[in-house]
Amino acid sequence: MDLKIENLKQIASLGIKCPKYDVLKCHEETLNEPIWLHFGAGNIFRGFIARLQNDLLNNGYATKGIIALETFDEEIISDIYDKYDSLTLLASLSPASTDYSVIASIAKGMYVDLANTNTYDSLKNIFSKESLQMISFTITEKGYNLYKMDGTFLDAVEDDFKNGPKAPKNTMAVVASLLWLRFNNGAYPLAVVSMDNCSQNGQKLQNAILTICNKWYENGFVNKEFIDYLNDETKITFPWTMIDKITPRPALSISDDLAKLGFTNIAPITTAKHTFIAPFVNAEVSEYLVIEDKFPNGRPALENAHVYFTDRKTVNMVETMKVTTCLNPLHTALAVYGCMLNYETIAMEMTNKGLSNLVKGIAKEGMKVVVDPKIISPVDFVNDVINVRLPNKAIPDTPARIATDTSLKIPVRYGETIKAIAKKGELDTLEYIPIAIAGWCRYLLGLDDDLKPFNCSSDPELLHLQDILKNVRETLTYHNELDLILGNAQLFGISLINTPLYSKIVSHFKEMLNKNGVSNLINKL
């Protein structure tokens with residue numbers, strides 16, 4: 001039994017929740033009069049965002065679904081979408097049980113290559129439709145970045161500046177090109193919505209799009225009216241959002257269970273671009289999505305799927321609460337220490353008393369300056385994280401996955417709290433956050449607690465940071481190499497060298513250079 005529309009009745013007979021709506025009719029209506037396009041065809045989209053629209057369809061609040069666009073990995077579309085009629089099997093993982101459901105709200109998946117005539121024509125048709133209400137994104141924070149570490153533009157972005165809207169390379173330039181198409185084919189309103197897990201995501205998206213389009217205007221590729229269109233909030237908006245749901249890599253235990261139920265061709269694959277993905281998504285049950293309610297052409301009724309709609313200030317407060325205090329700093333600390341201590345999952349780390357005390361201590365220090373958004377209680381949120389979500393053994397989330405792109409996350413996950421505590425003149429009171437930062441620096445050596453090498457997760461600054469510490473890595477000696485990292489105000493919001501945190505971080509770092517030094521430090525907590 002393959003995961004296909006024609007097999008939905010057979011799948012439902014297994015006790016798996018299947019769509020209550022006419023899937024083929026929904027897909028047809030969606031393609032004829034699209035309302036929602038989404039960039040980033042991966043797990044968080046399929047297991048959360050697409051499921052929200054699936055809920056609306058099941059309960060009669062919607063008649064149309066979503067078109068998914070992928071700009072990075074063509075095999076996601078060919079091998080995960082097309083082969084399975086764009087269906088996704090969602091495994092919802094609670095500590096007590098695993099519940100399965102079929103998500104059918106994705107009408108089609110497309111790989112975006114504007115140099116391909118057929119793709120270009122299809123997207124031109126979609127972006128010319130007045131019915132289109134929103135385009136959204138889960139492309140990770142680095143997807144909005146246009147710059148190298150030295151502040152100059154990426155080479156691909158420079159090429160896009162020179163070549164204009166025709167066949168752009170960078171994802172943000174692709175989006176800008178499609179907005180140029182919409183402008184030239186009706187100039188209809190549209191909401192451009194980042195749903196990525198990063199602070200002020202709507203601002204990051206808007207800045208990237210406007211930077212590219214202003215360069216195109218300077219170079220004569222677009223006109224002033226187009227720039228005005230992008231800056232007119234009755235036409236184009238960039239709502240801010242906060243998203244939170246853990247969707248780990250596909251677990252082999254889930255594919256084994258599905259195979260026992262009778263599913264064929266259900267195992268995960270690894271694409272040529274090293275994407276590990278499956279026809280199913282496994283995810284935790286807990287989830288939050290808060291969206292700034294600014295949609296000039298209407299929007300899906302997602303409030304009926306438990307999405308919060310509010311103003312920008314409140315969205316930013318919820319995001320700040322989560323990423324600076326209640327979840328992300330805790331996750332990052334567990335990620336780097338988990339890699340060094342060879343833990344297979346985040347949940348297993350929470351059985352370690354020292355690591356559990358570490359995340360509790362980081363949360364307590366952050367709560368001194370936590371932002372309270374009122375619509376969600378910080379205390380309730382962090383208690384859920386520490387007592388329910390992180391210890392959930394049904395979630396096969398790995399430290400290595402969470403450790404990805406940590407250098408981009410440090411400024412917000414720790415830097416914002418450090419700056420806020422510094423303003424109060426109380427940096428000397430911080431004990432656990434310095435341990436988290438020291439752990440990240442020690443992690444960069446790529447040596448576990450037994451001083452055996454491991455592969456650090458991908459990070460755009462990994463090679464640069466490891467080069468700073470190369471002598472420490474090779475000889476386990478230390479000659480103030482951390483100064484170039486701790487003195488980097490871009491990483492921490494302020495230079496840490498002349499603060500009370502400096503000596504604490506260096507001391508912990510040096511202690512962990514010894515064999516079993518990591519576990520010895522953690523065992524003291």
Side-chain angles (χ1 to χ4, degrees), residues 325 328-366 386 390-391 398-400 402-403 406-407 409-410 413-415 417-418 421 427-457 465-466 468-469 471-486 491-492 496-497 499-525:
T325 305
N328 298 66
L330 318 187
H331 236 169
T332 292
L334 289 173
V336 297
Y337 277 99
C339 289
M340 292 187 290
L341 294 171
N342 295 308
Y343 277 96
E344 294 183 2
T345 68
I346 294 291
M348 286 303 297
E349 287 188 74
M350 290 298 288
T351 65
N352 181 309
K353 183 179 179 181
L355 290 174
S356 177
N357 287 339
L358 174 62
V359 296
K360 290 175 183 176
I362 294 169
K364 185 176 180 180
E365 289 176 345
I386 292 174
L390 294 180
T398 64
I402 303 300
T406 299
S407 70
K409 300 168 181 175
I410 288 285
R413 298 189 177 189
Y414 299 112
T417 294
I418 289 171
I421 296 288
L427 279 182
D428 60 319
T429 66
L430 297 183
E431 298 295 340
Y432 293 92
I433 289 176
I435 294 174
I437 294 171
W440 174 58
C441 295
R442 169 64 176 78
Y443 158 89
L444 292 171
L445 302 184
L447 297 172
D448 69 13
D449 201 24
D450 290 323
L451 305 183
K452 296 177 181 178
F454 69 86
N455 293 321
C456 292
S457 302
L465 292 165
Q466 289 189 326
I468 293 172
L469 299 173
N471 291 329
V472 179
R473 178 189 177 97
E474 294 172 356
T475 65
L476 298 184
T477 58
Y478 179 71
H479 299 289
N480 299 320
E481 286 89 348
L482 281 189
D483 286 9
L484 287 175
I485 296 175
L486 301 182
L491 274 175
F492 304 104
L496 301 184
I497 289 179
T499 72
L501 302 185
Y502 176 78
S503 60
K504 295 179 181 180
I505 295 169
V506 171
S507 175
H508 296 317
F509 176 79
K510 291 170 69 175
E511 179 180 353
M512 289 187 285
L513 295 179
N514 302 313
K515 187 175 181 179
N516 299 322
V518 178
S519 53
N520 288 339
L521 173 62
I522 292 301
N523 289 339
K524 296 175 186 177
L525 302 180

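Closest of all the heavy-atom pairs between N520 and K524 is O-CG, 3.3 Å. Of all heavy-atom pairs between L469 and L445, the closest is CB-CD2, 3.9 Å. Of all the heavy atoms in L465 and S407, the pair that sits closest is CD1-CB, 4.0 Å. Of all heavy-atom pairs spanning L447 and M340, the tightest one is O-CG, 4.1 Å. Between P434 and L501, the closest heavy-atom pair is CG-CD2, 3.7 Å. Nearest heavy atoms, E431 versus D428: OE2-O, 4.0 Å.
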Derivation and outcome, side chain to side chain contact (heavy atoms under 4.5 Å, CB included), residues E349 and L390: CA-CA 9 Å; E349 287 188 74; L390 294 180; over 6 Å; no

Residues I418, T499; criterion side chain to side chain contact (heavy atoms under 4.5 Å, CB included); working and verdict: CA-CA 10 Å; I418 289 171; T499 72; over 6 Å; no

Audit row: Y502, D483, side chain to side chain donor-acceptor pair (under 3.5 Å) steps and yes/no: CA-CA 9 Å; Y502 176 78; D483 286 9; 2.5 Å; yes

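Looking only at distances, no side-chain donor or acceptor of S507 sits under 3.5 Å from a matching main-chain atom of K504. For D449 (side chain) and K515 (main-chain N/O), no donor-acceptor pair under 3.5 Å exists by modelled atom type. Looking only at distances, no side-chain donor or acceptor of D450 sits under 3.5 Å from a matching main-chain atom of K452. A donor-acceptor pair under 3.5 Å is formed between the side chain of E365 and the backbone N or O of Y432.
Here the CD1-CD1 distance, from I485 to I437, works out to 11.5 Å after rounding to the nearest 0.5 Å. With values rounded to the nearest 0.5 angstrom, N455 atom CG is found 10.0 Å from C339 atom SG. Going from atom CG of D448 over to atom CG of N342 covers 4.5 Å, rounded to the nearest 0.5 Å. The distance from atom CG of L513 to atom CZ of R442, rounded to the nearest 0.5 Å, is 6.5 Å. Between T345 atom OG1 and I402 atom CD1 the span is 11.0 Å, to the nearest 0.5 Å. Interatomic distance, SG of C441 versus CE of M512, reported as 8.0 Å (0.5 Å rounding).
There is no side-chain donor-acceptor pair under 3.5 Å between Y337 and N352.
Contact check for L486 versus V506: side-chain heavy atoms found under the 4.5 Å cut-off. Within the 4.5 Å cutoff, no side-chain heavy atoms of K353 are placed close to those of I522. At least one side-chain heavy atom of S519 sits less than 4.5 Å from a side-chain heavy atom of L341. Residues H479 and N471 fail the side-chain proximity criterion, which asks for heavy atoms closer than 4.5 Å. Side-chain atoms of I421 and I433, non-hydrogen and from C-beta on, never get closer than 4.5 Å to each other.
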Under 3.5 Å, side-chain donor or acceptor atoms of residues 328-335 against the rest of the protein: list the pairs with distances, not counting sequence neighbours.
residue, atom, partner, partner atom, Å
T332, OG1, N328, O, 3.3
T332, OG1, R413, NH1, 2.8

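Taking the six-membered ring where the residue is Trp, F492 and W440 present perpendicular rings, their angle passing 60° and hence far from 30°.
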